[in-house]
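This report concerns only the one structure given below.
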Amino acid sequence: MKLLIVESPAKARKIQSYLGSGWQVRACLGHVRDLPTKGDTLPDKYKDASFAQLGVDVNNNYTPIYVARKDKAQTIKDLKALAKSAEAVYLAADPDREGESIAWHLSVLLGLGKDAQRVTYQEITERAIRQAVASPRTIDFHLVAAQETRRVLDRLAGYGVSPLLWKAVGGPQSAGRVQSAALMLLAQREQSRLRFVPSAFWRVGVMVESQPPFSAVVSALKDIPLATAASFTATGALKSELNVAQLDAEKAKQLVAYLDRQQAVVRDVTVSPVVRRPPPPLTTSGLQQAANAKLKFGAAQVTKLAQALYEAGLITYIRTDSPHLSDEAMTLAREAVATRFGPDALPREGRQYATRNKDAQEAHEAIRPAGKFVAPEQSGLSGDELALYRLVYDRTLASQMRDAVGSKTAVTLQAGQVTLSASGVVLNEKGFTALYDDQDKNDEEQRLPALKIGDRFPLKDAKAEEKKSSPPGRFTEGKFVQVMEKAGIGRPSTYGATLETLQRRQYVALKNRQLHVTPLGLLIASYLMKQVPQLVNAEFTAQMESDLDLIASGKLGRVAYLDRIWKGTLDPAIHAAQLTAPRFELPHVGAVLEVRGGVAGLVKDGKGLALPEGVLPEDLTEPVVTALLSGTFKAPAAQKSPTAKRPAKAAKAAKEPKTTPAPRRKRKGAGA
DNA sequence: CAGTGAGCGAGCTTCCGCTTGACTT
């Protein structure tokens, strides 16, 4: 009997069916050994080591301590027994950095020695698998070194910087290469929103009475363009390089009265072609974004539903960064399109999509229907599962369909000294949009009639409305997963976990499906930015990835790299870091955020208090700050309070007149 | 003397990435 070890049980079942008797195909369920965490029993030689808790001997070539993972004890036991009786063992973990490491750890645990047989393949077909097991190679120790470098760096950074927060902030805080970089991106967006000064301007719209009628807006007066939202800076000033005029209420009113009696002449018509390509097949981040935008599912919900579809054999593996379709899948997708929309819906050649992400490891295919491409209505699914499966199905089919083709028309009309503009899009060939439209519903454009220069039309229904320039928007979970992927922060298997960590630590909170940074999150981010800027720099991970590539190709030594990053950069910064509690200025309300005992508080004019849970930076307006400091603030959402279990005490606290709102943690919050 | 509360000190917290059941509430 020959033993083949892969990572996932679903894969194991599939491959077992190809290889048949004479083979045992088993799953190791991911990593089997890791650096120790609290509660792990260490090998005797490390029991009393000074670095036992860190798990890395920094002064001895960054040698890691590896222990078998407790959650894999049974798996390891089973694999050991099978390996003992097998005539040969093949290590077929995924073909990427982490997979190579898993193969090596397995070879150590199973006592396979240096000549352990490593097997990789790019797709799961019988031919590819048979070819792979016929030509095993040895383990690539450069690639293993690259993974070990990544693992050690993350441990050193995480366990090195987190204690700074315990001392400076208090409470069970955490920092790390991924979570802190992600927090920083969110905090920067929140800060630019806090600093943003909105500008008001007026916009006048009017109906042009052609057949059919269409709507136009006043775009210029006496040939001087009017200000739009894009004309203002973040501080509320008109961009100086633009020569634009700003409508006020009075002028807007005059314009409305004037336009209602006017006729407009078409001055210019520009028609340009529009070609929209279908979106690529789904990756982990693409699924998060699409399910969030189209189905309003949260990140954790998408993962749970997708996992269920994967286990039911309906879709392929759900943690991937590749939009690639196998030849077989492409054929099935094209057949499904032809059946439903006719052969003309397909371009001559199948469409293959390249990843845009240079850090992608591409160990898996795109997320697509597995097997025979069961149509959604025949899947036997219902509810949210059906909705998510339909999304995967439609996106896969759409990726193979023709472009949507049409034209965009821009029209300029003149009424006296007033210039009007309108635009419209017409799709002549719907292409993939017949199945899947990725356009935002709000962006839908009107259809314009055929127009010639010199045409005259009466105007009707002029209306003025006041508009405000708006700050950069917050992220939904789905959008932010895409932001993380683009920045190279985290991996498909961790995007969701990172969002959960940030929320569990109460650095980030979801409100109306938007990610908000909490006051505590703002304080932590600004502290890290000041004390260990290297860690939170968005470039750090991207640079790390290219250095790991050098290590994987043998061009850079693992110790040399870790010396540069740890001894040369992070460790000195950690030693030099100030351990004073961070502060965050809120100039718009003349107050300062502070933190005591892990709880964010507000200080103004020498008075201070702990912020009640659930208060977000955007809530801290002048009246709220005043109410908070005078004790008249009422918490927005009725949340389950830990004091509810002790009714006598809670009642007593409520009767006392000048009690500050109680923080939910043990220690007392910020004071004056 | 029992109960309360201020004040003090000891002990604790943590990373990222790979993969699913086996647990409890």
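In this text the structure is predicted, and so the values were computed from the model without any measurement. What you see below is based on every heavy atom in this structure, not just the backbone, and it leaves out hydrogens, waters and symmetry mates. So you know, we letter chains A, B, ... as the sequences are listed, proteins then strands, and number each from 1.
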For [X], side-chain hydrogen bond (donor to acceptor under 3.5 Å, both in side chains) partners two or more places apart:
| X | answer |
| --- | --- |
| A:Gln289 | none |
| A:Gln24 | A:Arg26 |
| A:Asn61 | none |
| A:Tyr62 | A:Asp563 |

Q) Taking only side-chain nitrogens and oxygens of A:Lys38, does any of them come within less than 4.0 Å of OP1 or OP2 of B:dT13? A) yes
(Q) B:dG17, OP1 or OP2 - any side-chain N/O from A:Arg69 closer than 4.0 Å? (A) no
(Q) For residues 161-183 of chain A, which residue pairs pass the salt bridge (charged side-chain N to carboxylate O under 4.0 Å, His left out) check, not counting sequence neighbours? (A) A:Asp154-A:Arg177
Q | Pairwise salt bridge (charged side-chain N to carboxylate O under 4.0 Å, His left out) hits with a residue in residues 3-16 of chain A, at least two apart | A | A:Lys11-A:Asp94
Q | Within 45° cone of A:Trp104 ring axis and under 6.0 Å: A:Arg118 NZ or CZ | A | no
Q: Considering only NZ, NE, NH1 and NH2 on the basic side and carboxylate oxygens on the acidic side, decide whether A:Glu100 and A:Arg137 come within less than 4.0 Å.
A: yes
Identify each donor-acceptor pair in which a side-chain atom of residues 45-55 of chain A lies under 3.5 Å from a protein atom, sequence neighbours left out, and give them as a table.
residue : atom : partner : partner atom : Å
A:Lys47 : NZ   : A:Leu42 : O            : 3.3
A:Lys47 : NZ   : A:Asp44 : OD1          : 3.0

Q) What pairs with A:Ala312 under side-chain contact (heavy atoms from CB on, under 4.5 Å), at least two apart in sequence or on another chain? A) A:Leu314
Q | Contacts of A:Lys84 that satisfy side-chain contact (heavy atoms from CB on, under 4.5 Å) - sequence neighbours left out | A | none
[X] has an atom [atom1]; how far is it from atom [atom2] of [N], in whole Å?
| X | N | atom1 | atom2 | answer |
| --- | --- | --- | --- | --- |
| A:Ile524 | B:dT13 | CD1 | C1' | 12 Å |
| A:Lys167 | B:dG11 | NZ | P | 16 Å |
| A:Leu499 | B:dG17 | CG | P | 13 Å |
| A:Glu98 | B:dC15 | CD | C1' | 13 Å |

Considering only [options], which nucleotide approaches the side chain of [X] most closely?
| X | options | value |
| --- | --- | --- |
| A:Ser493 | B:dC18, B:dT14, B:dC16 | B:dC18 |
| A:His364 | B:dC15, B:dT19, B:dT13 | B:dT19 |
| A:Asp96 | B:dC18, B:dC15, B:dT13 | B:dC18 |

Q.
Any residue in residues 151-161 of chain A with a heavy atom nearer than 4.0 angstrom to DNA chain B? Just list them by number, or reply none.
A. A:Arg151, A:Asp154, A:Arg155, A:Gly158, A:Tyr159
Q) Which comes earlier along DNA chain B counting from the 5' end, the contact point of A:Thr498 or that of A:Pro163, where each point is its nearest nucleotide? A) A:Pro163
Pairs under 3.5 Å (N/O, protein and nucleotides 20-22 of chain B):
residue : atom : partner  : partner atom : Å
B:dT20  : OP1  : A:Ser8   : OG           : 3.0
B:dT20  : OP1  : A:Tyr310 : OH           : 3.2
B:dT20  : OP2  : A:Arg319 : NH2          : 3.0

Q | Dot-bracket summary - DNA chain B, pairs being Watson-Crick or G-U whose distances fall under 3.5 Å, with | when paired to another strand | A | .........................
